[in-house]
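Working notes, beginning with the structure itself.
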Amino acid sequence: MFTKNRLWVIMLIVFMVMLAAAGCTAANQEPPKEDAGQQGQEPAVKEVILATTTSTTDSGLLDVLKPEFDKQTGYDLTIVSVGSGAAIAMGEKGEADALLVHSPKDEKRIEAAGVAVNRQIVMHNDFVLVGPSEDPAGVRGKAVAEALKAIAEKQALFLSRGDESGTHKKELGIWEKAGITPAGEWYQETGTGMGDTLNVAAEKKGYTLTDRGTYLALKENLGLEILVEGDPDLLNVYHVMQVNPEKFDKVNAAGGQAFVEFMVSPEIQQIIKNFGVDKFGSPLFFPDAGKEE
Amino acid sequence: MESVWQGIREAVRLLVTGDPEVLRITLLTLKVSGMATLISLSMGIPLGALLALGRFPGRRFLMSLVNTGMGMPPVVAGLWVTLLMWRYGPLGFFHLMYTPAAIVIAQVVIAAPIITGISAAAFQQVNGRLRLQILALGASKLQTLLLLLREVRLPLLAAVMAGFGGVISEVGASMMVGGNVLGRTRVLTTATVMEVNKGHYDMAIALSVILMVLAYGVTLVLTILQQRGSRI
């Protein structure tokens with residue numbers, strides 16, 4: 001009886017020690033020290049926080065670019081993927097070093113407020129209006145403002161991001177242009193990212209506005225079709241910018257600048273151009289560095 | 001239904017081939033949640049004993065706080081830890097945001113009240129006369145505590161299971177303070193959410209299967225320990 005008891009205690013101690021050992025390794029991992037000084041340069045602060053939109057990560061683009069950036073510069077890029085609205089809010093609090101977003105109106109606002117500097121165009125793709133193939137509101141091939149009008153008239157289900165992301169802002173802009181304030185049972189806000197919203201739209205057979213990249217990445221599971229595309233109102237432009245180090249003393253100024261330069265460099269622009277071609281048959285983003293808006 | 005099968009097949013493939021990315025995510029999940037459970041235990045058991053056995057003003061109020069904390073929603077814990085640890089937050093100078101340490105802290109906030117609450121309940125269950133008897137036999141305070149600890153070891157294992165189960169399955173706090181950074185703070189739950197967003201259902205199902213196997217495995221070991229202990 002006594003030995004059984006002792007066995008029990010020993011096993012408990014072993015479990016505790018295992019947990020402790022595991023914990024210590026976790027704590028040791030904090031300072032990321034791999035690939036330090038690859039290019040013979042050791043940045044003072046290694047962490048660069050990039051606040052960006054869900055579309056750049058959900059499409060897989062940043063998974064390709066992060067290792068490249070870390071290798072080229074010796075920095076360690078921390079990608080925080082939120083909506084453009086939240087990303088810009090992080091910039092406004094000085095909680096990020098660089099922003100990669102697609103909400104031009106808000107970008108200009110924070111640029112004017114001195115929050116963002118060195119803002120440069122990186123790439124574009126376009127938004128598309130997707131919906132069930134039956135197309136209950138008959139919007140196929142219309143201009144996008146007309147299409148939204150038709151949806152509102154028919155009170156066909158429309159799913160909105162509702163999260164102040166770049167896509168949401170774009171959608172609201174088009175409603176405004178159509179002269180409609182969307183409200184009612186047929187207009188539902190998901191309050192989540194693009195992938196989630198597309199899933200909800202597919203499940204409920206509703207319409208939604210999406211960036212082409214996320215739609216292409218998810219297409220096979222959705223059963224939603226592109227109904228409106230190619231309208232100049234649907235252009236989706238991504239800019240990269242630094243958070244102003246003069247305004248926020250804790251911002252990694254050199255790291256933010258390095259990321260902006262990295263994104264507009266010819267080599268990276270080439271990677272962006274080819275990204276997704278092998279998987280989807282067409283590029284997800286079109287490089288724009290150096291062009292006028 | 002087909003995608004579910006595909007997902008389960010994918011899960012088996014990932015586990016059998018030992019995909020390095022999945023392995024890393026799995027290990028990190030175990031480390032972070034294990035560490036958080038351990039810290040919560042070291043805080044929760046003494047605090048639980050104090051709440052159950054001590055007699056001091058404000059004890060009932062503290063007890064009610066702990067009991068409320070047992071239902072702490074992970075996103076609430078995540079939000080407050082985020083506010084504290086942001087660069088310009090009061091603890092910003094530690095530079096812990098988006099590190100595994102940040103997730104551990106947030107998970108401690110979630111697990112500590114659970115473990116404290118269950119420990120307190122366990123200590124209170126002990127027959128009061130036993131304590132009197134131990135004291136009457138001339139045991140010191142520390143000896144008394146150790147003897148009582150032996151009495152409550154089985155319910156304490158339940159506390160470990162509840163605490164560990166709570167933190168390994170939470171996603172809100174890990175996402176908020178960890179940021180789901182590839183290779184650094186991506187844990188099983190946040191990776192699952194991300195794969196769903198990407199539309200990679202097979203991968204998401206695979207990760208969820210691994211998570212469930214992991215949670216079940218740990219709980220199984222603890223349950224065996226507990227049941228063996230109850231036979232003595």
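Bear in mind that the values here come from a model prediction, so they are computed numbers and not experimental data. Throughout, a chain's letter reflects where its sequence line sits, starting with A, and its residues are numbered from 1. Just so you know, these numbers use all the heavy atoms, side chains as well, and skip hydrogens, waters and symmetry mates.
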Is chain B contacted by the side chain of [X], its backbone, both, or neither, given a heavy-atom distance below 4.5 Å?
X	value
A/K219	neither
A/A86	neither
A/L62	neither
A/M194	neither

Original post:
Do the side chains of A/L284 and A/K279 get nearer than 4.5 Å, heavy atoms only?
Top reply: no
Original post:
Given the options A/N199, A/T57, A/L222, A/T54, which has more heavy-atom pairs under 4.5 Å with chain B than any of the others?
Top reply: A/N199
Original post:
For chain B, which of A/V82, A/D196, A/L198 has the most heavy-atom pairs under 4.5 Å?
Top reply: A/D196
Original post:
Do other residues, nucleotides or ligands put more than 12 heavy atoms under 6.0 Å from the CD atom of A/E189?
Top reply: yes
Original post:
Crowded around A/E68 CD? As in, over 12 foreign heavy atoms under 6.0 Å?
Top reply: yes
**OP:** Examine A/K250 relative to B/Y88 and say whether NZ or CZ is less than 6.0 Å from the centre of the six-membered ring and inside a 45° cone about the ring axis.
**Re:** yes
Original post:
Can you check salt bridge (charged side-chain N to carboxylate O under 4.0 Å, His left out) on B/R87 and A/D97, steps first, answer last?
Top reply: CA-CA 11 Å; B/R87 270 181 190 163; A/D97 303 314; 2.7 Å; yes
Original post:
In terms of heavy-atom proximity below 4.5 Å to chain A, should B/M97 be classed as side chain, backbone, both, or neither?
Top reply: backbone
Original post:
When A/T197 is tested against each of A/T167, A/T210, A/T190 for side-chain contact (heavy atoms from CB on, under 4.5 Å), which residue passes?
Top reply: A/T190
